[in-house]
Amino acid sequence: LGASCDWTRLRFTLDEGLSRAVRTVFVSLYNDGLIYRDVAMVNWCPFCRTAISDVEVEYRDRNDKLYQIHYPVADSDRQLTVATTRPETMLGDTALAVHPDDERYKDLIGREAILPIANRRIPIVADPILVDMSFGTGVVKVTPSHDKNDYEAGLRNNLAQMPVIDETGKMTAAAGSDFEGLDRFDARKKVLEQLRELDALGDVKDYQHSVGVHGKCDTIIEPMLSRQWFVKIEPLAKPAIEVVRNGEIQIIPQTWEATYFNWMENIRDWTISRQLWWGHRIPAFYCDNGHMTVAIEDPSSCPTCGSANITQETDVLDTWFSSGLWPFSTMGWPDKTPDLETFYPTDVLITGFDILFFWVARMIMLGLRFTNSVPFSQVFLNGLVRDEHGQKMSKTKGNVIDPLDVIDEFGADALRFTLAIFATGRDIPLAKSRVQGYGAFANKIWNASRFAMMHLDTQLKDAGSIDRDALGTVERWILSRLNETTRDVNKSLSAFRFDEASNAIYHFFWHEFCDWYIEMVKPVLLGKHGSDTDRKQAKRVLLEVLDRSLRLLHPFMPFITDEIWLKLGGVEPSVMVAPYPVAEDVLEDAEADSMIDAVTSMITTVRNVRVERGFTPKDRFKLYVTTSNEREAASFNDYAYLLIELARLTDVIVNTAAPEGAHHDVVAGFAIAIEFPPREVTKEQLEKTQRELEKSRKELAALDAKLANEQFVNNAPTAVVQQAQARQIELRERIAKLEQNQ
RNA sequence: AGGCUCUUAGCUCAGUUGGUUAGAGCGCCACCUUGACACGGUGGAGGUCAGCGGUUCGAGUCCGCUAGAGCCUACCA
């Protein structure tokens with residue numbers, strides 16, 4: 001794609017330097033009490049056999065069943081009914097809970113229920129936090145070992161822990177001999193069978209809910225109690241919220257700031273230990289006397305008791321822990337290196353919104369903590385590339401587009417340009433047809449440059465400066481247009497509007513430079529019109545426009561622009577290091593703009609009439625132009641060759657009445673008439689003229705009403721009123737002319 | 001459940017603080033091989049701006065409601 005990387009600064013997560021940064025940060029946070037080791041409910045992946053953090057859990061909507069289970073109340077003929085989507089967990093139930101204010105069950109609080117299948121007695125407790133009286137039956141089964149909420153309810157009510165699922169997702173011995181060793185989902189089936197036999201199974205309903213899975217392997221998460229390492233995150237989050245709030249860090253597009261705040265303000269402690277093979281090993285050391293040491297350097301003996309029998313923690317760190325240090329760890333931190341001095345803090349972080357929490361937030365928190373500075377001042381979040389109908393690409397759907405295939409087919413420039421031209425911060429529905437279209441643009445650039453180089457006889461570095469005062473209107477116009485394009489492109493780039501920027505240069509190059517300017521200079525370059533000096537000027541400007549256009553285009557289409565630019569022979573060794581163009585006021589030329597605007601509008605009108613009247617390009621017309629301004633009249637005489645060439649005319653006649661039967665119109669404020677060979681007018685053409693007239697009359701009527709409204713005239717900005725008035729006059733003239741055609 | 005975003009041409013999307021006749025690419029129709037390019041040129045067709053209501057001299061743009069789509073976060077036994 002033409003990404004420009006400094007490969008001399010390649011870094012690998014497990015490099016010596018980065019490992020030292022990781023250890024330094026870990027020990028510092030530990031010593032400050034911000035890293036702790038504790039037994040807690042964590043998200044456990046039974047497939048990967050590791051704990052994962054909250055952000056690594058993805059929620060999937062699933063259609064499951066909701067099962068009702070009847071629990072007899074001990075020493076009574078009553079029974080309590082609970083609902084669950086996970087019947088297998090009942091084997092680990094250690095209580096039933098009801099709401100303390102629930103009249104239906106008040107008398108049962110403190111008594112016991114009998115767990116079906118296991119035939120265990122479990123207490124009936126009151127818990128106003130866990131139980132919502134109005135939901136379901138108002139009775140909840142409590143499984144403190146396999147559910148986060150139940151775990152907390154267990155702590156509140158002094159309930160026993162009873163793990164029935166192990167770290168591989170299989171049932172433990174505690175689940176009973178019928179179930180031990182069974183996978184949790186097979187156990188579910190068997191539990192249901194047995195409940196049915198015992199007549200303890202109630203209603204079974206279809207139920208849609210979301211289920212947490214491990215983002216990496218799609219395995220359903222098992223909440224489990226285990227000993228893990230955590231980062232106490234709130235003290236880190238607070239300053240990270242502040243720097244975004246006060247603008248030290250700007251998130252683009254800004255709407256993501258709300259999402260950032262929402263998450264950061266409700267953030268929960270970060271589980272950083274993983275039971276995996278690969279990663280930074282946690283720098284904690286245990287001796288055989290049970291002492292723990294956390295240190296940057298491996299200790300050879302226990303600092304507490306001197307025992308030489310010491311082993312390192314086998315858990316590794318969440319990969320995002322080291323990634324969070326990336327902006328400064330890659331530059332040599334904790335040493336005060338020249339790189340760190342020069343490049344830190346960085347300017348812009350470009351990434352996808354999908355790792356805003358995983359990575360961006362952690363870099364901000366850790367950066368602030370360890371460097372006393374924001375790691376970057378702007379975060380640009382680009383959209384996700386989707387298929388052409390906006391669907392997320394997935395192997396199962398078969399709608400994955402491989403960038404390498406696209407590059408092979410249409411070129412890296414075409415793909416890069418396509419990715420740029422979508423609006424900032426929105427997802428990118430990538431259609432091959434779109435890439436193909438911009439591939440055609442690359443082809444257009446190539447061909448236009450080929451044409452230019454056919455006529456150029458000097459290298460860019462030898463071209464010399466342009467004598468602006470000597471330039472003709474066409475040259476002044478294209479430089480003026482290029483200048484405005486340059487202004488737009490720069491403005492858009494600084495606002496991260498890559499879509500606007502790429503669109504502006506695309507439009508200029510194809511539809512102004514190629515479609516109009518090149519066609520306009522052809523008569524001069526081919527020696528059909530103008531002097532040698534004119535030809536020299538035209539070539540110089542052609543080179544200038546090409547040079548600046550290529551530089552403007554280079555960030556969007558790096559390969560083709562460099563290839564062509566090298567052929568033009570600039571001073572710099574590559575367009576990559578050539579200065580990016582900036583707008584210069586002196587190039588603006590309103591007079592040339594309006595003159596060429598009039599000429600191009602007239603050409604378009606003639607072409608339109610030619611098609612409408614059923615003529616072909618071989619049929620040549622005469623054009624009559626009326627103006628009371630002598631300067632303009634002279635210009636039309638000077639530039640008659642443009643009209644003649646591009647509109648395929650025989651003559652341009654200024655300030656002379658057109659003969660009977662000519663087509664009259666008003667274009668860019670000028671009354672014109674087109675004289676063509678006699679030909680019978682078809683019914684369609686008459687109808688078309690009629691429609692055109694009606695359209696203009698309708699618009700005029702609306703405009704008249706608008707201008708008659710005092711409220712509008714008094715309140716609207718003068719420019720708007722003036723525009724409306726000018727349009728009114730033009731429409732009146734136009735209608736008069738069109739009526740003449742009938 | 002809460003938050004954010006979106007709904008504009010057949011398709012995919014622009015449309016900046018409200019203000020001329022709502023734009024682009026692809027697709028479609030007609031004509032054209034004209035001295036860079038048919039991956040091209042020229043001209044054209046196609047839109048009650050999701051719906052309803054409001055504010056305003058004026059609404060695609062601001063406000064409210066409704067319907068639909070997507071995303072993020074949390075999680076309900």
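Letters go in sequence order (proteins before strands), and every chain restarts at 1.
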For [X] and [Y], work out which heavy atoms get closest and say how close.
| X | Y | answer |
| --- | --- | --- |
| Met264(A) | Ala240(A) | CE-CB, 3.4 Å |
| Arg362(A) | Ser53(A) | NH2-OG, 4.2 Å |
| Asp269(A) | Ile233(A) | OD1-N, 3.2 Å |

Worksheet item: In terms of side-chain heavy atoms of Asn709(A), which of rU12(B), rU34(B), rC57(B) is nearest?
Response: rC57(B)
Checking the side chain of [X] only, and the main-chain atoms of [Y] only, is there a donor and an acceptor separated by less than 3.5 Å?
| X | Y | result |
| --- | --- | --- |
| Asn43(A) | Ile221(A) | no |
| Thr650(A) | Phe621(A) | yes |
| His209(A) | Arg62(A) | no |

Between [X] and [Y], what is the ring plane arrangement, given parallel below 30°, perpendicular above 60°, and tilted in between?
| X | Y | value |
| --- | --- | --- |
| His529(A) | Tyr641(A) | parallel |
| Phe380(A) | Phe498(A) | perpendicular |
| Phe556(A) | Phe417(A) | perpendicular |

Item to complete: For Val131(A), answer base if it contacts any base atom (sugar-phosphate contacts may also be present), sugar-phosphate if it contacts only those atoms, and nothing otherwise; contact means non-hydrogen atoms under 4.0 Å.
Response: base
Item to complete: Assign Ala83(A) to base, sugar-phosphate, or nothing according to its heavy-atom contacts below 4.0 angstrom with the strands shown.
Response: sugar-phosphate
Worksheet item: Starting at the 5' end of RNA chain B, what dot-bracket string do you get if Watson-Crick and G-U pairs under 3.5 Å are bracketed, crossing pairs use [ ], other-strand pairs use | and unpaired bases use dots?
Response: (((((((..((((.....[...)))).(((((.......))))).....(((((..]....))))))))))))....
To the nearest Å, how far apart are [X] [atom1] and [N] [atom2]?
| X | N | atom1 | atom2 | answer |
| --- | --- | --- | --- | --- |
| Asn503(A) | rC13(B) | CG | C1' | 10 Å |
| Asp488(A) | rG15(B) | CG | P | 15 Å |
| Phe712(A) | rG18(B) | CZ | C1' | 13 Å |

Worksheet item: Quick one: on RNA chain B, does Asn715(A) or Val720(A) contact a more 5' nucleotide (nearest heavy atom)?
Response: Val720(A)
Item to complete: Starting from the 5' end of RNA chain B, give me the residue, Glu730(A) or Val139(A), whose nearest nucleotide shows up first.
Response: Glu730(A)
Are any protein N/O atoms closer than 3.5 Å to N/O atoms in nucleotides 69-76 of chain B? If there are, list each pair with its distance.
from, atom 1, to, atom 2, distance (Å)
rC75(B), OP1, Arg268(A), NH1, 3.1
rC75(B), O3', Asn149(A), ND2, 3.4
rC75(B), N3, Ser210(A), OG, 2.9
rC75(B), N4, Ser210(A), OG, 2.7
rC76(B), OP1, Asn149(A), ND2, 2.3

Item to complete: Would you indicate whether Lys695(A), at its atom NZ, is surrounded by more than 12 heavy atoms from other residues, nucleotides or ligands within a distance under 6.0 Å?
Response: no
Discussion item. Applying the side-chain contact (heavy atoms from CB on, under 4.5 Å) criterion to Leu546(A), which one of Leu568(A), Val541(A), Ile445(A) satisfies it?
Written reply: Leu568(A)
Fill in: Contact pattern, 5' to 3', of nucleotides 35-46 of chain B - B, S or - by protein heavy atom under 4.0 Å
BBB-BSSSSS--
